[in-house]
Amino acid sequence: MIFLEKYIKRYAKYLWIMIITTALVSILNLITPLVFSFVIDNVISKPNMDIKYIDTIYLRDHLWVAGLFIIFINVVLCLCYFVRNRNNYVLSENIVHDIRNDLYDHIQRLPYEYHVKSKSGELIQKCTNDVDIIKRVFSNQLSEMVNSFCMALFALIILFRINSKLTLISMIAIPFLFGYAYIFFTKMQEKFLASDNADGIMVSKLQESITGIRVVKAFSNEKYEIEKFDEVSKEYKNVTTKMIDLLALYWGTSDFVVYFQIVLVIVMGIFACLNNNISVGDLLVFITYEFSILFPVRNLGRILADIGKMKVSCDRLKDIMDQEVEDLESGIECDLDGDIVFDHVSFKYGNNEVLHDISLTIPKNKKVAIMGPTGCGKSTLMYLLLRLYDYDSGKISINNVDIRNINRQYLRRNIGIVLQEPFLYSKSIYDNIANHDVSRYEVEKACRIANVHDVIESFSDGYDTLVGEKGVTLSGGQKQRVAIARCIVNDLKAVIFDDSLSAVDTQTDLNIQKELKSLSPNMTKIMICQRINTAKDADMIVVMENGYIRQIGNHEQLINEDGLYQKVAAIQSQKIEGDING
């Protein structure tokens with residue numbers, strides 16, 4: 001529970017108020033049976049004239065006084081309940097609020113590599129379900145545990161003063177219930193973990209299916225997806241059912257012990273009462289207190305169950321919080337208006353070497369195209385430039401400054417990237433493009449360059465048109481053009497177009513290329529592409545294959561040189577002619 005320590009310390013006053021008010025609730029709950037016992041034994045049955053300061057004759061003739069006292073006790077009890085419950089929820093909401101915010105902040109700062117390897121569904125499940133389990137313990141179970149302890153302690157003290165022998169009999173089941181609950185739910189933790197893991201897998205599958213629903217529909221894969229979800233759902237059901245079976249075993253056996261103990265106390269109490277060892281009022285106190293002791297102790301099982309779940313949840317959340325975050329604070333902010341140089345750069349992803357001894361200079365303010373087959377390392381090369389990954393050997397520098405010495409946030413604010421599959425937020429088109437530093441005119445200018453202004457204006461709400469989740473109200477090409485506009489609206493030193501024109505038609509591609517020429521002359525443009533038409537007017541073309549640079553030159557040089565570029569050009573020209581003839 002070290003994970004929770006700093007949060008508990010932060011709101012310790014609410015915890016202490018909860019403990020004090022819970023203790024008061026326990027005491028007040030025990031007073032009412034004592035009042036009934038006193039009235040039965042000393043007022044109704046036979047007035048006891050030996051009690052100082054209390055006129056039992058008067059009380060017998062005015063029983064409403066005792067009733068009024070009981071009402072007063074219960075009013076105070078209700079006030080204590082109010083204070084306790086309010087503090088419970090204030091404590092739980094504050095702790096969970098801080099945990100949730102710390103988690104989100106930490107996840108945002110985790111390196112890109114962690115997000116690539118992690119399943120987003122499991123992360124979401126941890127940040128919601130596991131946090132809710134912590135909330136449930138602090139909002140309810142913690143006070144119940146304090147209440148169980150206080151009720152048992154105070155009740156046993158009172159009962160020992162009444163009749164020690166009968167009290168010892170009433171305690172027979174308590175050690176068993178404590179031990180049984182502790183042992184049982186210690187062993188149950190692995191069941192809770194298995195259930196949570198199965199739940200995480202199910203949530204990941206659900207999110208994956210919903211996210212890719214267009215692919216599912218396009219390939220008529222509904223039946224396959226239903227069957228796959230049914231498998232993970234059934235696994236979750238089976239794992240959770242085993243956990244529930246064990247819980248049912250606990251509740252059944254503990255109920256038997258509790259009721260057997262109560263019956264035993266009633267029987268022994270009746271004999272003690274017949275032998276004049278205790279009074280009828282005292283017997284009433286024993287029976288009432290037995291319920292007040294055993295059921296809270298029995299409920300410790302449920303409380304320990306939730307605490308066991310909370311421990312598992314804390315371990316899972318701690319696993320996230322223990323991941324090393326990116327260093328976004330250190331590093332210099334220097335002039336990035338210079339050449340980008342890759343000097344013998346190599347990179348491994350796991351055991352797979354993706355880039356081999358890459359040496360390349362991208363001149364400042366020039367347009368450079370990087371071509372090659374899928375998986376050759378084009379995008380990875382740019383991810384290294386943005387420090388989404390860190391290279392294993394060699395050096396990457398901008399304007400003669402090693403990028404490892406540059407502040408990550410500053411670097412990414414000055415080098416933009418438009419991805420092949422851009423992500424758009426579920427808000428207006430304008431809000432997706434603009435930031436607080438740009439004007440409406442600049443947004444519209446960027447959209448004209450991206451050849452999407454007329455499309456946006458054709459919508460009934462124009463730039464205020466709401467984009468659906470993940471941009472589903474826009475076509476693939478429209479999304480890419482909006483993403484291009486979002487990138488170029490900022491005053492950047494370099495822009496990387498990561499195959500971001502793949503979803504637009506050839507004419508739109510040419511229009512965007514034409515507009516990009518008019519873009520700030522003080523901007524380096526890096527085009528990762530598959531089309532010869534996209535690359536041919538670049539100042540320099542880099543051809544990659546299997547993690548190596550195979551060719552470097554301009555279009556005229558490479559088209560007349562035997563190699564991959566010439567082959568791709570021939571294939572694409574034949575395809576274009578075929579499309580025209582067709």
Side-chain angles (χ1 to χ4, degrees), residues 1-11 15 88 91-107 110 114 117-146 148 178-207 232-251 254 298-323:
M1 299 295 183
I2 297 174
F3 174 77
L4 293 173
E5 187 175 344
K6 68 175 181 178
Y7 301 105
I8 293 173
K9 286 181 177 178
R10 198 175 295 168
Y11 301 104
L15 182 63
N88 279 352
L91 175 66
S92 63
E93 289 297 338
N94 277 295
I95 287 177
V96 166
H97 172 268
D98 288 358
I99 291 173
R100 192 185 294 121
N101 285 355
D102 287 351
L103 268 173
Y104 187 80
D105 180 85
H106 190 80
I107 289 171
L110 287 174
Y114 175 84
K117 293 178 179 178
S118 300
K119 294 181 178 179
S120 57
E122 288 186 10
L123 273 179
I124 292 170
Q125 194 254 0
K126 289 177 181 179
C127 293
T128 52
N129 188 50
D130 286 341
V131 172
D132 283 341
I133 288 172
I134 295 172
K135 178 181 177 180
R136 186 163 61 245
V137 169
F138 279 96
S139 64
N140 189 29
Q141 310 297 10
L142 201 59
S143 61
E144 282 196 26
M145 184 171 68
V146 174
S148 298
F178 268 116
Y180 185 37
Y182 176 78
I183 294 170
F184 190 84
F185 287 102
T186 299
K187 294 183 178 296
M188 278 291 290
Q189 285 189 26
E190 61 183 59
K191 302 295 182 185
F192 297 141
L193 180 59
S195 178
D196 276 348
N197 287 339
D199 185 28
I201 293 171
M202 184 179 68
V203 171
S204 293
K205 181 60 184 174
L206 180 63
Q207 186 196 35
V232 296
S233 179
K234 194 173 291 182
E235 176 64 20
Y236 174 64
K237 182 198 74 171
N238 292 337
V239 171
T240 306
T241 300
K242 291 177 181 178
M243 182 182 73
I244 292 171
D245 288 341
L246 290 174
L247 287 172
L249 175 65
Y250 171 80
W251 296 123
S254 61
R298 168 193 175 272
N299 285 340
L300 279 175
R302 177 167 55 85
I303 297 167
L304 288 173
D306 282 338
I307 290 176
K309 289 180 182 179
M310 185 179 75
K311 184 179 183 303
V312 172
S313 296
C314 287
D315 290 342
R316 283 154 56 91
L317 296 178
K318 186 175 182 296
D319 180 62
I320 297 175
M321 298 296 285
D322 286 344
Q323 298 295 323

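All values below come from the heavy atoms of this structure, side chains included, with hydrogens, waters and symmetry mates left out.
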For a quick test of reading the model, state the closest non-hydrogen atom pair linking [X] to [Y] and the distance between them.
X	Y	value
Ser254	Tyr180	N-CE2, 4.4 Å
Gln323	Leu110	CB-CD2, 3.5 Å
Tyr236	Met202	CD2-CE, 3.9 Å
Val131	Arg100	CG1-NH2, 4.4 Å

**Item:** side-chain contact (heavy atoms from CB on, under 4.5 Å) partners of His97, counting only residues at least two apart
**Value:** Asn101
**Request:** Just jot down the side-chain contact (heavy atoms from CB on, under 4.5 Å) partners of Glu235, sequence neighbours excluded, or say none.
**Result:** Val239
**Request:** Mind running side-chain contact (heavy atoms from CB on, under 4.5 Å) on Leu142 and Leu15 for me, showing each step along the way?
**Result:** CA-CA 9 Å; Leu142 201 59; Leu15 182 63; 3.6 Å; yes
Is there a side-chain contact between [X] and [Y] in this structure, where contact means two heavy atoms from C-beta onward sitting under 4.5 Å apart?
X	Y	result
Lys311	Asp315	yes
Asn140	Asn88	no
Lys126	Leu103	no

Rounded distance (nearest 0.5 Å) linking atom [atom1] of [X] with atom [atom2] of [Y]:
X	Y	atom1	atom2	answer
Thr240	Asp245	OG1	CG	11.0 Å
Gln141	Ser148	CD	OG	9.5 Å
Leu123	Tyr114	CG	OH	4.5 Å
Met310	Ile133	CE	CD1	10.0 Å
Asn238	Ser195	CG	OG	11.0 Å
Leu4	Asp98	CG	CG	11.5 Å

**Fill in**
residues 127-137 vs side-chain hydrogen bond (donor to acceptor under 3.5 Å, both in side chains), sequence neighbours excluded, gives Glu93-Lys135, Asp130-Ser313, Asp130-Arg316
**Request:** Among Leu91, Val96, Ile99, find the residue that satisfies the side-chain contact (heavy atoms from CB on, under 4.5 Å) test when tested with Tyr7.
**Result:**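 So, applying the side-chain contact (heavy atoms from CB on, under 4.5 Å) to Tyr7 and each of Leu91, Val96, Ile99, only Ile99 qualifies.
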